[in-house]
Trainee: 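Quick one: this structure, given as structure tokens, is what I'll be asking you about.
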Amino acid sequence: MRDLKIPGQRHPEKAHRPDNVQPKKPDWIRVKAPTSKGYFETHKIMREHKLVTVCEEAGCPNAGECWSQGHATMMIMGEVCTRACSFCNIATGKPPEDLDAFEPGRVADAVQKLGLKHVVVTSVDRDDINDGGAEHFAQTIRAIRHRSPGTTIEILTPDFLHCAPEVLEVVVKAKPDVFNHNLETVPGLYPEVRAGARYFHSLRLLQRVKDIDPSMFTKSGIMVGLGEDRQAVHQVMDDMRAAGIDFLTIGQYLQPTPKHHAVDRFVHPDEFAAYEKAAYGKGFLMVSASPLTRSSYHAGDDFARLQAARNAKFA
């Protein structure tokens, strides 16, 4: 029985790798440990409903702030991912269990108890399932709609790389408000950072969402500080806009353990501000670019701004 709290068992494919030096974080990237009552109440609800969160599994630096406000990003389909990306802290390997048919209902119940106006639902990759978990995503969306009809829903999906093209329609037709799939990095770094994925497949996935439902917001994000250069980041922006992506997030990569991909550098906040300005100039409706930006960070407030930006554009 694996103990996922032990790094060597959590990431067995990385255990043999030499350690990468973890550089000292600059002042602008540091956060305080969570101590608020709201944080512990959110934690209690997650445990009572036997739910997994990407906030915990990926070691998000914003968990304390978000959970204090009752905002947690639900991670469905288990806690073991069939991919082994070099940047990610989620446990890897063969998932020990089938999908839990009762999980969508538990997620919906937690959303209702937390009183969420906007919820983000993500998942591990499940390459061991024929549809990659597409129907499970759809069932979760429908369950949340039933229990909390006023809640807007954002999903952050896998790439469904090994699935039939039709599975994407199953998710889109369940009508999430935002369809997010992260490109994670520039294409030149895919072989070492995201080896199990394909850059242009992920781009095409987001483009197909717009083909199926042109009214649906699409969103994607990348990390910087992995070894990319500015020209490559700007090319990714152009590729995203060509695919019709509405919302871009850019955040600083943080190295979870010495066995993970090394931090190449800590990008200064001024450079993030420059990326944000450039992205708006390229036509994105919404951009979030800062050292602590993550896909679901301030997602509810950002969704409201995204809607307002679209309304202003077509007014």
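Starting from 1, each residue takes its place in the sequence as its number.
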Trainee: Short question: side chain of Asp100, backbone of Phe102 - any donor-acceptor pair under 3.5 Å?
Mentor: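 Confirmed, Asp100 side chain pairs with Phe102 backbone.
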Trainee: Side-chain contact, heavy-atom cut-off 4.5 Å: His136 with Ile129?
Mentor: no
Trainee: Are Ile141 and Met216 linked, directly or through intermediate hydrophobic residues, by side-chain heavy-atom contacts shorter than 4.5 Å (ILVMFWY only)?
Mentor: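 Yes, Met216 and Ile141 fall within the same hydrophobic cluster.
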Trainee: Go through it in stages, so that I can follow the logic: the residues are Glu13 and Lys259, the test is salt bridge (charged side-chain N to carboxylate O under 4.0 Å, His left out), and I'd like the CA-CA distance, side-chain angles, deciding distance and then a yes or no.
Mentor: CA-CA 10 Å; Glu13 82 292 341; Lys259 300 296 184 182; over 6 Å; no
Trainee: Are a donor atom and an acceptor atom from the side chains of Thr293 and Thr249 found within less than 3.5 Å of each other?
Mentor: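 Looking only at side-chain atoms, Thr249 and Thr293 do not form any donor-acceptor pair under 3.5 Å.
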Trainee: Which is it for Gln252 and Val263 under the side chain to side chain contact (heavy atoms under 4.5 Å, CB included) test, yes or no, and what are the steps along the way?
Mentor: CA-CA 9 Å; Gln252 170 71 51; Val263 173; 4.1 Å; yes
Trainee: Does His146 have more than 12 heavy atoms from other residues, nucleotides or ligands lying within 6.0 Å of its NE2?
Mentor: no
Trainee: Do Phe87 and Phe266 sit in the same hydrophobic cluster, where Ile, Leu, Val, Met, Phe, Trp and Tyr count as joined when their side-chain heavy atoms come under 4.5 Å apart?
Mentor: yes
Trainee: Could you grab the distance from atom OG1 of Thr140 to atom CD1 of Ile153, nearest 0.5 Å is fine?
Mentor: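 It is 9.5 Å, given to the nearest 0.5 Å.
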Trainee: Are Ile144 and Val107 close enough that some pair of their side-chain heavy atoms sits under 4.5 Å apart?
Mentor: yes
Trainee: Just so I know, are the side chains of Met240 and Leu183 near enough to count as touching, which here means a heavy-atom distance under 4.5 Å?
Mentor: yes
Trainee: Between Asp302 and Lys219, does at least one N-O distance fall below 4.0 Å, as a salt bridge requires?
Mentor: no
Trainee: Is the closest side-chain heavy-atom distance between Pro12 and Thr92 below 4.5 Å?
Mentor: yes
Trainee: Does a donor on one side chain sit under 3.5 Å from an acceptor on the other, for Glu271 and Tyr275?
Mentor: yes
Trainee: Between His261 (side chain only) and Gln255 (backbone N and O only), is there a donor and an acceptor less than 3.5 Å apart?
Mentor: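 A pair under 3.5 Å: no.
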Trainee: Starting at CZ of Phe200, measure out to OH of Tyr190 and round the result to the nearest 0.5 Å.
Mentor: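 Nearest 0.5 Å value for the CZ-OH distance: 9.5 Å.
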Trainee: Between Ser202 and Arg194, do the side chains contain a donor N or O and an acceptor N or O under 3.5 Å apart?
Mentor: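 A donor-acceptor contact under 3.5 Å links the two side chains.
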Trainee: Checking side-chain hydrogen bond (donor to acceptor under 3.5 Å, both in side chains) for the pair Gln207/Arg204: CA distance, chi angles, key distance, verdict?
Mentor: CA-CA 5 Å; Gln207 189 175 40; Arg204 177 60 181 150; 3.2 Å; yes
Trainee: Restricting to non-hydrogen atoms, name the atom on Tyr253 and the atom on Gly225 that form the minimum distance, rounded to 0.1 Å.
Mentor: CD2-O, 4.2 Å
Trainee: To the closest 0.5 Å, what do you measure between CZ (Arg310) and CE (Met286)?
Mentor: 14.0 Å
Trainee: Using the side chain to side chain contact (heavy atoms under 4.5 Å, CB included) rule, take Gln139 and Arg142 through it: C-alpha gap first, then chi angles, then the decisive distance, then the call.
Mentor: CA-CA 5 Å; Gln139 290 175 3; Arg142 290 192 290 266; 3.6 Å; yes
Trainee: So, do Ile90 and Met75 sit near enough that their side-chain heavy atoms are less than 4.5 Å apart?
Mentor: yes
Trainee: I'd like to check His268 versus Trp28 (side-chain heavy atoms, cut-off strictly below 4.5 Å). Are they in contact?
Mentor: yes
Trainee: When you measure from the side chain of Ser86 to the backbone N and O of Glu192, does any donor-acceptor pair fall under 3.5 Å?
Mentor: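 Indeed, once roles are kept as given, a pair shorter than 3.5 Å links the two residues.
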Trainee: State yes or no: do Ile212 and Leu161 share one hydrophobic cluster built from I, L, V, M, F, W and Y residues joined by side-chain heavy-atom distances below 4.5 Å, directly or via other members?
Mentor: no
Trainee: Any chance you could measure Thr257, atom OG1, to Asn20, atom CG, to the nearest 0.5 Å?
Mentor: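 One finds 8.5 Å between OG1 of Thr257 and CG of Asn20.
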Trainee: Can you tell me if Arg145 uses its side chain to pair, donor with acceptor, with the backbone of Lys175 under 3.5 Å?
Mentor: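 Answer holds: yes.
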Trainee: Are Asp301 and Arg305 ion-paired here, with the side-chain N under 4.0 Å from a carboxylate O?
Mentor: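 No, no charged N to carboxylate O under 4.0 Å.
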Trainee: Kindly indicate whether the side chain of Val124, heavy atoms from C-beta on, has any atom under 4.5 Å from the side chain of Pro95.
Mentor: no
Trainee: Can you tell me how far CD of Glu166 sits from CG of Asp131, rounded to the nearest 0.5 angstrom?
Mentor: 11.5 Å
Trainee: Give a yes or no on whether Asp229 atom CG has more than 12 heavy-atom contacts from other residues, nucleotides or ligands under 6.0 Å away.
Mentor: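 Enclosed: over 12 neighbouring heavy atoms sit under 6.0 Å from CG of Asp229.
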Trainee: Can you find a pair of side-chain heavy atoms, one from Ile76 and one from Pro104, that are under 4.5 Å apart?
Mentor: no
Trainee: Taking atom NZ as the centre, does Lys25 end up with more than 12 heavy-atom neighbours from other residues, nucleotides or ligands that are less than 6.0 angstrom away?
Mentor: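 Counting other residues, nucleotides and ligands, NZ of Lys25 stays at 12 neighbours or fewer.
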Trainee: Are Phe284 and Leu156 connected in a single hydrophobic cluster, I mean Ile/Leu/Val/Met/Phe/Trp/Tyr linked by side-chain heavy atoms less than 4.5 Å apart?
Mentor: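 Result: no, two separate clusters.
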Trainee: At their closest point, which heavy atom of Leu116 faces which heavy atom of Thr151, and how far apart are they?
Mentor: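 It is O-OG1, 2.7 Å.
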Trainee: Cut-off 3.5 Å, side chains only: do Asn89 and His11 have a donor facing an acceptor?
Mentor: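 Per modelled atom types, Asn89 and His11 side chains form a pair under 3.5 Å.
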Trainee: So, for Asp98 and Arg126, which heavy atoms are closest and what is the spacing to 0.1 Å?
Mentor: CA-NH2, 4.3 Å
Trainee: Go through the side-chain N and O atoms of Thr152 and Asp177 and say whether any donor and acceptor fall under 3.5 Å apart.
Mentor: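 Note: Thr152 and Asp177 side chains miss the donor-acceptor criterion.
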Trainee: I'd like to know if the side chain of Asp125 and the backbone of Cys81 have a donor-acceptor N/O pair within less than 3.5 Å.
Mentor: no
Trainee: Would you sort out whether Leu285 and Phe217 count as a side chain to side chain contact (heavy atoms under 4.5 Å, CB included), showing the intermediate values?
Mentor: CA-CA 10 Å; Leu285 287 178; Phe217 288 113; 4.2 Å; yes
Trainee: Taking all non-hydrogen atoms of both residues into account, name the closest pair between Gly78 and Glu97 and its distance.
Mentor: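 Residues Gly78 and Glu97, closest heavy atoms: CA-OE2, 4.0 Å.
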Trainee: Would you check if the side chain of Arg208 reaches a backbone N or O of Pro165 as a donor-acceptor pair within less than 3.5 Å?
Mentor: yes
Trainee: Please indicate whether Lys282 has more than 12 foreign heavy atoms, meaning atoms of other residues, nucleotides or ligands, lying under 6.0 Å from its NZ.
Mentor: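 Yes - once you tally the heavy atoms of other residues, nucleotides and ligands closer than 6.0 Å, there are more than 12.
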Trainee: Do Leu226 and Tyr199 sit in one hydrophobic cluster, given that two such residues count as connected whenever their side-chain heavy atoms are within less than 4.5 Å of each other, even indirectly?
Mentor: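 Leu226 and Tyr199: one cluster.
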Trainee: Can you see which heavy atom on Ile155 is nearest to which on Pro176, and at what distance?
Mentor: CD1-CG, 3.7 Å
Trainee: Lys94 and Asp128: side chain to side chain contact (heavy atoms under 4.5 Å, CB included), yes or no, with the steps?
Mentor: CA-CA 8 Å; Lys94 182 179 180 180; Asp128 58 317; 5.8 Å; no
Trainee: Could you tell me whether Glu79 and Arg10 make a salt bridge, using a distance below 4.0 angstrom between a side-chain N and a carboxylate O?
Mentor: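 No.
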Trainee: Hey, what do you get for SG (Cys88) to NE2 (His260), rounding to the nearest 0.5 Å?
Mentor: 6.5 Å
Trainee: Determine, for Asp159 against Arg198, whether the closest basic-nitrogen to carboxylate-oxygen distance falls under 4.0 angstrom.
Mentor: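 Judged by the 4.0 Å cut-off on N to carboxylate O distance, Asp159 and Arg198 do not form a salt bridge.
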Trainee: Which heavy atom of Thr82 sits nearest to which heavy atom of Asp127, and what is that distance?
Mentor: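 Where Thr82 meets Asp127 most closely, the heavy atoms are OG1-N, 3.0 Å.
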